[in-house]
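This report refers to the structure that appears directly beneath it.
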Amino acid sequence: MNEQQRHALSLRETDLSGVMKRFYGDEELYVSCLDRFLYDPTMAELNTAIKNQAWDEAFTAAHAMKGLAGNMGFIPLMHATGQLVVLIRGGRTREIGGCMAQVNSSYRDITDAIRQNFMQTGEEKES
């Protein structure tokens, strides 16, 4: 990762120190996982389950996204999905709309940062 990429992630409160410990310092592996994160279906599954009020599926997807966000170091997304898990588990469905707005906002923020700073365009980016 170059300095610009590190900075982009740190602006999104990504725990790069913790991530590098979990990835045993393998930045190349982490960057490849960033790419995979963009195509992971969990967020779409979560939104669909919430829309359909399929609370068991929503819980499963929210819990999975919380774990994925935590492993990737995406702290705001991890906290937002963690709160969502608590709401769903507690049957507090009336509070889910506001929480989902935060989940979606955090998700968009990190995926936009990944697309803007890690995805290859016509030129090869520095590593």
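Counting from 1, the numbers follow the sequence of the chain as shown. Hydrogens, waters and symmetry mates are skipped; everything else that's a heavy atom, side chains included, is used.
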Heavy-atom side-chain proximity of [X] to [Y] below 4.5 angstrom:
X: Leu9; Y: Ile110; value: yes
X: Phe59; Y: Val85; value: yes
X: Pro76; Y: His79; value: no
X: Leu84; Y: Leu46; value: yes

Item to check | Residue pair Ser32, Glu28: steps toward the side chain to side chain donor-acceptor pair (under 3.5 Å) verdict | outcome: CA-CA 6 Å; Ser32 74; Glu28 187 176 320; over 6 Å; no
Is there a donor-acceptor contact under 3.5 Å from the side chain of [X] to the main chain of [Y]?
X: Ser106; Y: Val103; value: no
X: Tyr30; Y: Gly25; value: no
X: Arg12; Y: Ala8; value: yes
X: Thr48; Y: Glu45; value: no
X: Gln5; Y: Asn2; value: yes
X: Arg36; Y: Val31; value: no
X: Glu27; Y: Met1; value: yes
X: Thr81; Y: Leu77; value: yes

Checklist entry - If every non-hydrogen atom of Arg6 is compared with every non-hydrogen atom of Leu16, which pair is closest and at what distance? => result O-CD1, 3.8 Å
Checklist entry - Nearest heavy-atom pair of Glu57 and Ala54: which atoms, and what distance? => result OE1-CB, 3.0 Å
Give, for atom [atom1] of [X] and atom [atom2] of [Y], the distance between the pair rounded to the nearest 0.5 Å.
X: Asn47; Y: Thr42; atom1: CG; atom2: OG1; result: 11.5 Å
X: Phe37; Y: Asn71; atom1: CZ; atom2: CG; result: 11.0 Å
X: Met100; Y: Ile88; atom1: CE; atom2: CD1; result: 8.0 Å

Checklist entry - For the ring pair Phe74 and Tyr107, is the centre-to-centre distance below 6.0 Å? => result no
